[in-house]
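One structure is given below, encoded as structure tokens.
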Protein chains: 2
Amino acid sequence: MNVQACNLDNCPEGENEGLREPIAVELFKALADPSRAAILSSLASAGRPLRVTEVGTCCPQDLSVVSRHLTILREAGVVESERRGREVWYRLETGGLVRYLRNLADAFESCCPAASSEEGNHGEK
Amino acid sequence: MNVQACNLDNCPEGENEGLREPIAVELFKALADPSRAAILSSLASAGRPLRVTEVGTCCPQDLSVVSRHLTILREAGVVESERRGREVWYRLETGGLVRYLRNLADAFESCCPAASSEEGNHGEK
DNA sequence: TGCACGCTTGCACATTCATGCAAGCATTGT
DNA sequence: ACAATGCTTGCATGAATGTGCAAGCGTGCA
């Protein structure tokens, strides 16, 4: 397992030839879905843990679908869950994500400084 | 089109309720494949533009598959291509990517400061 | 003990997507 | 003009994935 499938907490370093930081394919898979993006936005806008039912108001899908998406996000290390009584509370856990995104940005920047300085008009709105 | 499908260069801001920076689903889709991750690593380790045939040595797939992956990466704004004679050279274009990753990291960090400081042991190897 | 509530899981289905092979297109060289 | 090289595109196929419905499981309450 190198680039093929790694997440925030099991991504080995040094297996990629050119990038200091391996590309966390499984993490990006978790982020690469509009429903899950909406769920993350919902959790972010709430600013507090939400029950599954509350998260479900963010998207038109069935609650079972939302539950599955939350499981995927939890396994990717982006949210955490805690059971309280018969409710399950989900909250963002972005510490590892933030660190990883910054490390990856640094890695891309330092691996090809010429390319990133040659053209500077990308990503602008 | 808000969170549903956006890339580095067409991702509107302000449509997400809680995150300053929208989640670029299409960009993450492009990064969420092991073959494309290997291609990016290959380009990064080369430190220079590569022809499609050269990129193809990074992965066992057919060259047509590699060509398609490069197209996806180009449409995601991560690489750029230039035709010279009968060869097509691909090179990393990470300026927008680096900016976006840092903006997203900042957005996640500032949207839920309590969550990201509460637990600090994620993402460590 | 029985019931309601909240969430998860099993199953089926439709769509998306990665892949390989073959054919096509663009360019260069003879 | 013709052939060779380099890359892309059309087509078919198998795998992965998102989704909904129904059933199941855990918990609290009467």
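Every chain is numbered from 1, with letters handed out A, B, ... down the list of sequences.
- Atom C1' of nucleotide C:dA26 and atom CZ of B:R84 are separated by 17 Å, given to the nearest angstrom.
- In this structure, B:Y90 reaches the D:dT8 phosphate: one of its side-chain N or O atoms is under 4.0 Å from OP1 or OP2.
- At whole-Å resolution of the value, CZ in B:R86 and P in C:dT28 are 8 Å apart.
- Closest to the side chain of B:R36, out of C:dT27, C:dA18, C:dT8, is C:dA18.
- Distance CD (B:E82) to P (C:dT27): 14 Å, rounded to an integer number of Å.
- The distance from atom CZ of A:R83 to atom C1' of C:dT8 is 9 Å, rounded to the nearest whole Å.
- In this structure, the CD atom of A:E26 is 12 Å from the P atom of D:dA16, given to the nearest Å.
- The backbone N or O of B:G85 sits less than 3.5 Å from a side-chain atom of B:R83, completing a donor-acceptor pair.
- Going from atom CG of B:L63 over to atom C1' of D:dT9 covers 13 Å, rounded to whole Å.
- When the options B:L50, B:V65, B:V52 are evaluated for a side chain to side chain contact (heavy atoms under 4.5 Å, CB included) with B:L70, the one that passes is B:V52.
- Contact annotation: B:H69 side-chain N/O to C:dT19 OP1/OP2 distance is under 4.0 Å.
- OP1 or OP2 of C:dC17 sits under 4.0 Å from a side-chain N or O of B:K29.
- One can place CG of A:L73 at 12 Å from P of C:dT8, the figure rounded to the nearest angstrom.
- The interatomic distance linking B:W89 (CH2) with D:dT5 (P) rounds to 18 Å, in whole Å.
- When the side chains of ILVMFWY residues are joined at heavy-atom separations under 4.5 Å, either directly or via intervening members, B:L63 and B:L40 end up in a single hydrophobic cluster.
- For A:R68, there are no salt bridge (Lys or Arg N to Asp or Glu O under 4.0 Å) partners, not counting sequence neighbours.
- With hydrogens and angles ignored, a donor-acceptor pair under 3.5 angstrom links the side chain of A:R68 to the base of C:dG10.
- A:V52 comes within contact range of the sugar-phosphate backbone alone, with a heavy-atom separation under 4.0 Å but no base atom that close.
- Residue B:D62 has its side chain nearest to C:dC21 when only D:dT19, D:dT27, C:dC21 are considered.
- The listed nucleotides are C:dT27, D:dC21, D:dT19; the one nearest the side chain of A:S64 is D:dC21.
- Out of D:dT19, C:dA18, C:dT28, the shortest distance to the side chain of B:D33 is found at C:dA18.
- When the side-chain hydrogen bond (donor to acceptor under 3.5 Å, both in side chains) test is applied to B:T57, no partner is found at least two apart in sequence or on another chain.
- The listed nucleotides are C:dT8, D:dT5, D:dG18; the one nearest the side chain of A:V88 is C:dT8.
- For B:I72, counting side-chain heavy atoms from C-beta on, the closest listed nucleotide (C:dA18, C:dT8, C:dT19) is C:dA18.
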